[in-house]
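All remarks here apply to the structure that follows.
Keep in mind that what you see is a predicted model, and the values were worked out from it rather than measured. Order of appearance sets the numbers: ligands from 1, and atoms from 1 within every ligand.
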Amino acid sequence: MSIHHSQAIFERAKAIIPGGVNSPVRACRSVGADPVFVAQGDGAHIWDADGNKYVDLIGSWGPLILGHAHREILDAIKDTLSMGTTFGAPTEVEVKFAEKLKSAVPSMEMIRAVSSGTEATMSALRLARGFTGRAKIIKADGGYHGHADCLLVAAGSGAATLGIPGSAGVPEGAAKDTLVVPYNDLASVEKLVSGGDIAAVIIEPVAGNMGLVEPAPGYLEGLRAITAKFGTVLIFDEVMTGFRVAFGGAQARYNITPDLTTIGKVIGGGLPAAAFGGRMDIMQKLAPLGPVYQAGTLSGNPLAMAAGLKAMEILSRPRTYERLETLGKKLGDGLLAAATAAGVPAVMNRVGSMLTLFFAKGPITDYETAKTADTKRFGSFFRNMRDRGVFLPPSQFEAMFVSLAHTDEDIEQILEAAKASLVD
Ligand code: KE4
């Protein structure tokens with residue numbers, strides 16, 4: 001692995017961009033590595049600035065379920081480019097995008113497009129608060145929903161605690177109405193929601209930001225029942241799971257209808273786009289119809305809408321999710337087998353094509369158990385795999401993503417690299 005050009009770029013980057021990156025996790029600090037500066041992506045592969053080739057298991061943290069530089073997506077963007085790039089006025093492609101999204105996720109009766117998952121969740125929570133007239137919200141410890149102040153809240157001690165700021169710069173006032181509960185712990189949610197003063201519960205229906213954690217049997221059903229009973233808005237944050245764990249997202253996979261859904265990543269087709277939507281009576285509270293304000297200069301950007309629309313069209317083709325399940329299972333089973341063969345304690349948590357290999361005894365069912373993982377061992381695994389041409393998410397508490405561009409041979413290559421990397 002030659003690293004000279006990447007290193008030189010990194011030095012320049014650090015002089016002008018905090019940490020040299022435009023999003024912290026890319027800095028690879030938790031795995032004791034320097035960031036990889038990417039020069040090109042194609043299909044299941046990326047090349048760094050020194051020409052080193054990697055099989056990519058980040059996929060831009062979820063968006064690239066079709067792989068890098070998918071020809072049909074690029075063509076959709078090129079075709080749209082001929083009309084211009086942005087207008088600050090509505091276009092038909094935004095309507096086609098919303099209609100397609102609703103056809104895949106019927107609970108999204110009305111939809112507002114935005115430019116990031118953070119905007120989607122921040123707006124959905126403001127809408128839920130405006131609709132209910134209540135201030136308190138509930139999130140799970142270890143759940144990540146973007147970096148709005150009210151969501152950068154750490155769990156205090158004890159099961160259900162008033163949030164404390166999880167980042168410098170988040171004032172007490174912004175955190176005090178956020179209650180934090182353990183993931184998969186229904187009783188703590190029931191206790192809080194039955195007080196009748198909770199505006200919303202926001203949950204990752206499959207958690208991906210503590211590493212992958214599946215909902216326990218009955219958990220999502222329980223959240224649905226208790227929130228419906230007390231007029232609390234149930235928000236499924238499907239920014240990561242949308243079109244990932246099923247065409248209709250986790251709500252289709254587990255057959256639960258939330259009141260609002262936030263969704264992103266895949267629906268941008270690789271460009272900046274996300275959305276929130278749900279029950280008509282709630283969405284009609286949104287400006288310009290109702291009193292809840294929300295806006296965005298590039299919301300519904302025509303290029304992103306065209307890319308996302310094409311992505312959803314491609315994903316609706318037959319046998320797409322069977323293929324993703326086959327690839328995900330081959331990778332997940334293979335990684336666990338490699339760890340077991342190497343005598344390394346490990347747990348594989350997987351839903352379809354999103355998966356995490358935890359270096360822990362397990363089971364991993366929430367953030368507390370996820371934190372028992374051996375992050376030092378994960379760091380060396382990351383570096384060994386990178387040196388063998390496999391680009392893993394640079395954190396034990398993230399998910400790997402397999403795309404439709406990955407081949408059986410790619411999976412074999414990853415597993416061979418893993419066998420060698422686990423014994424180093
Ligand atoms: P963005 O604002 O990063 O587009 O989306 C925030 C967000 C919201 N909800 C869920 C469930 C998410 O996973 C995310 C963003 N995910 C991280 C990866 N774990 C993005 C990667 C990064 O921060 O660079």
Side-chain angles (χ1 to χ4, degrees), residues 17-31 35-36 38 56-65 105 112-125 137 139-153 166-167 178 183 200-215 220 235-245 249-251 258 260-277 294 296 298-299 301 304 307-308 349 351 353-356 367 370 391-401:
I17 305 171
V21 291
N22 281 315
S23 198
V25 71
R26 303 177 191 171
C28 299
R29 296 168 81 103
S30 76
V31 291
V36 169
V38 178
D56 180 19
L57 286 175
I58 301 183
S60 181
W61 301 96
L64 297 180
I65 196 166
V105 188
R112 172 65 55 86
V114 292
S115 299
S116 72
T118 293
E119 275 190 273
T121 57
M122 175 179 70
S123 308
L125 285 166
I137 59 173
K139 71 174 290 287
D141 188 22
Y144 179 71
H145 307 283
H147 59 92
D149 279 357
C150 65
L151 289 164
L152 286 184
V153 167
S167 161
T178 304
Y183 193 77
V201 171
I202 185 165
I203 196 84
E204 292 178 67
V206 174
N209 289 289
M210 53 184 98
L212 191 132
V213 174
E214 280 192 83
L220 298 177
I235 303 174
F236 269 17
D237 179 358
E238 298 229 35
V239 166
M240 190 183 278
T241 56
F243 294 92
R244 170 62 63 178
V245 299
Q251 58 194 270
L260 292 178
T261 297
T262 54
I263 194 162
K265 295 181 189 274
V266 170
I267 65 166
L271 295 189
F276 63 102
Q294 183 275 337
L298 291 169
S299 294
N301 173 265
N349 281 4
V351 177
S353 59
M354 61 189 266
L355 58 161
T356 299
Y367 194 36
F391 192 40
L392 295 179
S395 164
Q396 170 67 93
F397 306 111
E398 294 286 357
M400 290 177 263
F401 297 100

(message) Just to verify, which of Arg244, Gln251, Glu204, Lys265 counts as forming a side chain to side chain contact (heavy atoms under 4.5 Å, CB included) with Glu238?
(response) Gln251
For [atom], what's the nearest protein heavy-atom neighbour? Residue, atom name and distance, please.
| atom | value |
| --- | --- |
| atom 8 (C) of ligand 1 | His145 C, 3.4 Å |
| atom 1 (P) of ligand 1 | Gly117 N, 3.5 Å |
| atom 21 (C) of ligand 1 | Trp61 CG, 3.8 Å |

(request) Would you indicate which of Met210, Met240, Lys265 comes nearest to atom 17 (C) of ligand 1 when only heavy atoms are counted? (result) Lys265
(message) Regarding atom 6 (C) of ligand 1: of the candidates Gly208, Pro205, Gly146, which has the closest heavy atom?
(response) Gly146
In terms of atom number and element, which parts of ligand 1 are under 4.0 angstrom from non-hydrogen atoms of [X]?
| X | result |
| --- | --- |
| Ser116 | 2 (O), 4 (O) |
| Val25 | 22 (C), 24 (O) |
| Asn209 | 10 (C), 11 (C), 12 (C), 13 (O), 16 (N), 18 (C), 19 (N) |

(message) For Glu398, which part has a heavy atom under 4.0 Å from ligand 1: side chain, backbone, both, or neither?
(response) side chain
(request) Please state which part of Val239 comes within less than 4.0 Å of ligand 1, counting heavy atoms only: side chain, backbone, both or neither. (result) side chain
Would you give the length of the straight line joining atom [atom1] of [X] to atom [atom2] of [Y], rounded to the nearest 0.5 angstrom?
| X | Y | atom1 | atom2 | result |
| --- | --- | --- | --- | --- |
| Ile58 | Phe401 | CD1 | CZ | 9.5 Å |
| Tyr183 | Glu214 | OH | CD | 9.0 Å |
| Met240 | Met354 | CE | CE | 5.5 Å |
| Cys150 | Met122 | SG | CE | 9.0 Å |
| Lys139 | Ile203 | NZ | CD1 | 9.0 Å |
| Ile235 | Thr121 | CD1 | OG1 | 8.5 Å |

Backbone or side-chain N or O of [X] under 3.5 Å from ligand 1 N or O:
| X | result |
| --- | --- |
| Ser23 | yes |
| Thr118 | yes |
| Asp237 | yes |

(message) Any side-chain to backbone donor/acceptor pair from Ser30 onto Pro394? Under 3.5 Å, distance only.
(response) yes
(request) Can you see which heavy atom on Asn209 is nearest to which on Glu398, and at what distance? (result) OD1-OE1, 3.8 Å
(message) As a test of the contact definition, would atom 3 (O) of ligand 1 count as having a protein heavy-atom neighbour under 4.0 Å?
(response) no
